[in-house]
Trainee: 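There's a structure below that I have some questions on.
Basis for what follows: all heavy atoms, side chains included, without hydrogens, waters or symmetry-related copies.
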Amino acid sequence: MNAAVDREIFPRALGTGGVRSAAVSGSFAILLSQIVKLGLQFGTQLVLARILFPADFGLLAMIAPVIGVVMIINDIGFGQVVIQRPSIYQNQVSNLFWVNLAVGAALGACVVAAAPLAAYLYKEPRALALTAAMAVTIPIGTLGILPNALLTRRMRFATLAKIDIAALLCGSAVTIGGSLAGLGYWALALGQIVATTLVVAGGWLQCGWRPSAPTRSLSVREEFAFGRNVTGTNLSTFASKSVDSLLIGANEGPVQLGLYDRSYRLLVQPLGQILLPLNRVAVPLLSSLLSDPADFRRTYLFMVQLLVVVTVPGLVVCVADGTTVVRFLMGARWEPAAPIFGWMCTGGLASGLFSSAAWLFIAQDRTGKMLKYWVAAALINVASYGIGIFWGAVGVAAVSGVTFVLLQTPLVLHGALKNGPVRALDIARVIAPAAIAGGLAFVIVRFVPVLRFGSDPLTLAVHFGIGYGLMFALLASTRAGRKFMSRGARMVGKLVRRTGR
């Protein structure tokens, strides 16, 4: 990149203090938005579960792998290029935008052309029109990749949070309205199209950037190589999360796939809302701390500990008493999904650690190595699906959940920790309280019948109270735990004071 013939745009905040302050404020904004979004999503799912049927969700789940894999290819990793690079330039970003848009338009056309293949694969004629309609989200989504990446680079997380909430609110309203009007699975598709369009529109309105005409003399080969590795990693992850739907849909039909898909979403939606704030903040923050290994290590370990403290106790309760959770949130007719949900939550216990490995790889510009480890992890996961399908949807959830905890997560962490200041012993130390509290909570919730009441809400309140109560008791019993809680309390206090101004 020749800076003399180009204009630098969106420089990073000066000094690590400025970056960290923006990251902390942004994390709080995203956390608040995730709470709102979680409420919206759960509310929407509760309503839809009582209007639509498993087969309606199963139809959309059949084509979700097709649309999802194309969306990942469409990204080309250019968004992460914009976020990670120390400096970016107007012509550079403009060329990335035009390349991305051309790819998105071509991929959208390919999905429309391949819609008959989806209908043939599932022996489901309704999948043809549904696949063609959902292909619209591909070029629309392309338009929003770089604007939203630019907002992330500048750590304008509050702006991104507002856009996400507005889009989700409108999409949910459209979905529920369409369901009540009798549109069935079309209501689900229409809601997704509306939400995607609004996210893109909001990004363009807020980012303050407009592309220049493409410049042929400027190469984006280096950016493409970085993006290729990120895209390959994302494809591996997506494949490891999508082959299961293909296998279950082809072998078990839409009803079992609907139960599996709703179980997956019941786990991923709240878990995703928890992971997203740190996932958005981690890469730009850690990228700015590369010159200070000690600060890099402290910051990474604090974020990892925060993830496990927030997620593990709740997931343990879901593993131990998934039937009550499913019955309370989705209704009695969805109870057959409880074993599937419980095994999925077993895998979810390691999701925070798995995500954190990607932070290290990307922030340290080691995406080539990351791709290799993610492909290996994906192959393990796909193999687990192939084994588990012999026992149906429950078998797929069980085998994949166990291998995710015991094989895939240790594998990617091993690769991520090979270089840099963080060591495996550091991670073991910060997750120990969560592991101990989780084990104790599982035994109590699963094997103490006196803690089960006639009311599902009361039962769950007691169970979650036990899980998180044990967690904070263990943290308070050690010096390191008290230091972690003190740091978290100071951060929350600072954020509350800022919010009140």
Trainee: Between the side chain of T196 and the main-chain N/O of I193, is any donor-acceptor distance below 3.5 Å?
Mentor: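 Checked: no pair found.
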
Trainee: Would you confirm whether S179, through its side chain, and L48, through its main-chain N or O, come within 3.5 Å as a donor-acceptor pair?
Mentor: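 Flag not set: sc S179 to bb L48 has no pair under 3.5 Å.
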
Trainee: I'd like to check W359 versus L286 (side-chain heavy atoms, cut-off strictly below 4.5 Å). Are they in contact?
Mentor: yes

Trainee: May I have the list of side-chain donor-acceptor pairs in residues 370-382 shorter than 3.5 Å, sequence neighbours left out?
Mentor:
residue: Y373; atom: OH; partner: K418; partner atom: NZ; Å: 3.1
residue: W374; atom: NE1; partner: T237; partner atom: OG1; Å: 3.0
residue: N381; atom: OD1; partner: S384; partner atom: OG; Å: 3.4
residue: N381; atom: OD1; partner: Q408; partner atom: NE2; Å: 3.2
residue: N381; atom: ND2; partner: S240; partner atom: O; Å: 2.7
residue: N381; atom: ND2; partner: Y385; partner atom: OH; Å: 3.1

Trainee: Quick check against the 3.5 Å criterion: does N148 have a side-chain atom that pairs as donor or acceptor with the backbone of G144?
Mentor: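 Yes.
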
Trainee: Does R333 use its side chain to pair, donor to acceptor, with the backbone of R327 at less than 3.5 Å?
Mentor: no

Trainee: Salt bridge check: are R423 and D426 linked by an N-O gap of less than 4.0 Å?
Mentor: no

Trainee: Could you tell me whether the side chain of R297 and the main chain of V422 form a donor-acceptor pair under 3.5 Å?
Mentor: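 Side chain of R297 to backbone of V422, a donor-acceptor pair under 3.5 Å: no, none is there.
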
Trainee: What closest approach, in Å, do F296 and A363 show between heavy atoms, and which atom pair accounts for it?
Mentor: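 So the minimum-distance heavy-atom pair works out to CE1-CB, 4.4 Å.
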
Trainee: Counting distance only, does the side-chain N/O of S351 pair as donor-acceptor with the main-chain N or O of G347 below 3.5 Å?
Mentor: no

Trainee: Got L59 and R126 here, is their nearest side-chain heavy-atom distance under 4.5 Å?
Mentor: yes

Trainee: For R156 and Q206, indicate whether the former's side chain and the latter's backbone hold a donor-acceptor pair under 3.5 Å.
Mentor: yes

Trainee: Show me the side-chain donor-acceptor pairs of residues 300-312 shorter than 3.5 Å, one per line, residues at least two apart or across chains.
Mentor:
residue: Y300; atom: OH; partner: S356; partner atom: OG; Å: 2.8
residue: T311; atom: OG1; partner: L307; partner atom: O; Å: 2.8

Trainee: Would you indicate whether the side-chain heavy atoms of F404 and L349 approach each other to under 4.5 Å?
Mentor: no

Trainee: When you measure from the side chain of T299 to the backbone N and O of D295, does any donor-acceptor pair fall under 3.5 Å?
Mentor: yes

Trainee: Do V396 and W391 touch side chain to side chain, with heavy atoms closer than 4.5 Å?
Mentor: no

Trainee: Would you call F447 and F442 a side-chain contact if the rule is heavy atoms closer than 4.5 Å?
Mentor: yes

Trainee: Give a yes or no on whether the backbone of A416 and the side-chain of R366 come within a donor-acceptor separation of less than 3.5 Å.
Mentor: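 At least one qualifying donor-acceptor pair exists.
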
Trainee: Would a distance-only check, ignoring hydrogens and angles, find a side-chain to backbone donor-acceptor pair under 3.5 Å from S172 to L169?
Mentor: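 A pair under 3.5 Å: no.
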
